Amino acid sequence: MLDIKFVRNNPQVVQDALVKRGSAVTLEEFLKLDEQRREKLFIVEQMKNKRNLVSEEIGRLKKSGKDAPEMVLEMRELSQQIKEIDEVNKVLEEKLQRILLDLPNIPHDSVPVGECAADNPVVRTWGEPRDFKFAPKPHWDLGEALDILDFERGGKVTGARFTFYKGPGARLERALINFMLDLHTTQHNYVEIFPPFMVNRDSMIGTGQLPKFADDMFKIEGLDYYLIPTAEVPVTNLYRNEILEGERLPILHCAYSACFRAEAGAAGRDTRGLIRMHQFNKVELVKFCRPEDSFEELEKLTRNAERVLQSLELPYRVVALCTGDLGFSAAKTYDLEVWLPSYQDYKEISSCSNFVDFQARRAGIRFRNARGKAQLVHTLNGSGLAIGRTVAAILENFQEPDGSVTIPEALRPYLGGLARIG
RNA sequence: GGAGAGUUGGCCGAGUUGGCUGAAGGCGCUCGCCUGCUAAGCGAGUAUAUGGGCAAAACCUGUAUCGAGGGUUCGAAUCCCUCACUCUCCGCCA
């Protein structure tokens, strides 16, 4: 959420940002409502001031044994008027709040201007896509042939975009989770969190999923709880409505969680394999830091996520999301894209973002600055990494002509020394 | 699921015959004084949000906030209703 005062005083800056994002939203309605609200607020607060003063006076008179029926009568009427204006104001406030909650973050100055993913500049590339001397298979074929992935039964037992991992496949998934958590906790100083996989509405609003993206989420029937689309939600909301001691910053957390996404609007995309599932596993990195440090922390966080791909010897590239492709809450985002032979392309496996104070304002996450004043923190997060897509990348990039798959060296200790599947 | 108790400032904890209580007292913290050092002592300060003064900072000022929402009242931390959460006992369960 943007600062209401900032929007009020810099409407053109906000409007320009909306245009750069490719949004057609205008601020006219907001500015009009805001003006109305402040006008009414000023009036009603003066009325309340009068009521407070007169009520005190009535109290004093009563204490000294006197009565003041005409004052009571007058105040009764005033209170009625206050109530009416308060109701009007409440409606105005709700409208304003809704508009504010639906406004996306302002892209940072360093974000390239562009319309869509095709405009995302490549920042750097690591590793070389392997030159296969045979026709490489897609991971879904490899997985089924090796009997480690079972999409068909996933469909039977639950539905489309669900799968079973089996035998060494299941262990590979588990190994990757442990490998990544160990890497980030022991090498990068993140403190591990194991979060709830369901959260309440306030948490979803805090990180920006609600109210705008309700269709992307699975909601628990009969409760105001949602399955988390990423561990970012529970972990960022850990400190919702708290004022943190400044010395604690930056706070670094990593968390494994299952992630649940409705994938509304993704019908027909990535229908085969592990790439786009309703349920997938992910290790997430989350940071809370001082405003002045956040862009440097984003660079570090991105490097931390890259380290996973490097350790697994998976070729990848880093792209900077352009203004048109930037997520709703983000001020700046780097995507890590891993090479997938089946796509003959790089495919997103991690998204690392700086949200500046956008989430912190929604979630009320603050710290005490040097002057002892409460100030909003900056929040960041990034996948470190998506597990399912990592499995896909390993299967495809490390496949052998006979259909077996070599396990990257770094991962073998987590598989009891296993060097090859199949 | 059944029964009971509770939810006040960074923390502890007063306040339940409604009326200068944004909130006593204590602890903690900050600054100052004092002091060979430390400790103790003394003094002052110490919430957040949102409006106005003003374009902004400092500052001044209004309003709101005692789990959340609603009600009664001239006036609610205090009375009433609904909900959430925490704790204890019972039941059930991994």
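Computed from a predicted structure; not experimentally measured. A note on names: the letters A, B, ... follow the listed sequences, proteins ahead of strands, and every chain is numbered from 1.
Look at B:G43: its Watson-Crick or wobble partner, with both distances under 3.5 angstrom, is B:C31. Across all strands shown, B:U38 forms no Watson-Crick or G-U wobble pair with both distances under 3.5 Å. Base pairing analysis places B:U48 opposite B:A64; the two distances defining the Watson-Crick or G-U wobble pair are each below 3.5 Å. Under the Watson-Crick or G-U wobble criterion, with both distances below 3.5 Å, B:A24 has no partner in any strand shown. Using Watson-Crick or G-U wobble geometry with both donor-acceptor distances under 3.5 Å, B:A84 finds its partner in B:U7. Nucleotide B:A58 has no partner under the Watson-Crick or G-U criteria, as no pair reaches both atom distances under 3.5 Å. As the counterpart of B:A94, no nucleotide is assigned, since no Watson-Crick or G-U wobble pattern has both distances under 3.5 Å. B:U78 makes up no base pair with any nucleotide shown, lacking Watson-Crick or G-U wobble contacts both under 3.5 Å.
For the P atom pair drawn from B:G51 and B:A57, the interatomic distance equals 12 Å after rounding to whole Å. Taking the C1' atom of each, B:C33 and B:G52 are spaced 39 Å apart, rounded to whole Å. Comparing the P positions of B:A5 and B:U82 gives an interatomic distance of 15 Å, to the nearest angstrom. Between the P atoms of B:C92 and B:A84, the separation comes to 25 Å (whole Å). Comparing the P positions of B:A55 and B:A68 gives an interatomic distance of 33 Å, to the nearest angstrom. Atom name P, nucleotides B:U7 and B:C80: the rounded distance is 14 Å, in whole Å.
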Go along nucleotides 56-64 of chain B 5' to 3' and tag each nucleotide: B for a protein heavy atom under 4.0 Å from its base, S when only backbone or sugar atoms are that close, - otherwise.
S-S---BSS

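Annotation: of the two residues near RNA chain B, A:Tyr225 and A:Asp34, the 5′-most nearest-nucleotide partner is A:Asp34. Ranked by how close their nearest RNA chain B nucleotide is to the 5' end, A:Met75 and A:Gly59 are led by A:Gly59.
The minimum heavy-atom distance between A:Tyr414 and A:Asp182, with the atom names listed, is OH-OD2, 2.7 Å. A:Cys254 and A:Leu285 make their closest contact through CB-CD2, 3.7 Å (heavy atoms, listed as atom of the first residue, atom of the second, distance).
Atom pair A:Lys63:NZ and B:C74:P shows a separation of 19 Å (rounding to whole Å applied). Rounded to an integer number of Å, the gap from A:Arg201 CZ to B:A84 P is 16 Å.
Taking every side-chain heavy atom of A:Ser55 into account, B:C74 is the closest of B:C74, B:U48, B:G51. Across B:A49, B:G70, B:C74, the shortest atom-to-atom separation from the side chain of A:Lys90 is found for B:G70. Closest to the side chain of A:Lys83, out of B:G71, B:G52, B:C74, is B:G71. Nearest nucleotide to the A:Phe42 side chain, out of B:G51, B:A47, B:C74: B:G51.
Between A:Glu306 and A:Arg124, at least one side-chain nitrogen of the basic residue sits less than 4.0 Å from a carboxylate oxygen of the acidic one, meeting the salt-bridge criterion. The pair A:Lys90-A:Asp86 does not count as a salt bridge, with every side-chain nitrogen at least 4.0 angstrom from each carboxylate oxygen. We find that A:Asp34 and A:Arg8 are joined by a salt bridge, their nearest charged nitrogen and carboxylate oxygen being less than 4.0 Å apart.
Aromatic pair A:His278/A:Phe260: centroids not less than 6.0 angstrom apart. Ring centroids of A:Tyr226 and A:Phe218 are separated by 6.0 Å or more, keeping the two rings apart.
Nucleic acid contact for A:Arg60: none, since no nucleic acid atom lies under 4.0 Å from a heavy atom of the residue. Residue A:Arg361 is out of contact with every strand shown, counting any heavy-atom pair closer than 4.0 Å.
Just one residue in the list A:Tyr239, A:Phe367, A:Tyr190 forms a ring pair (Phe, Tyr, Trp, His ring centres under 6.0 Å) with A:Phe288, and that residue is A:Tyr239.
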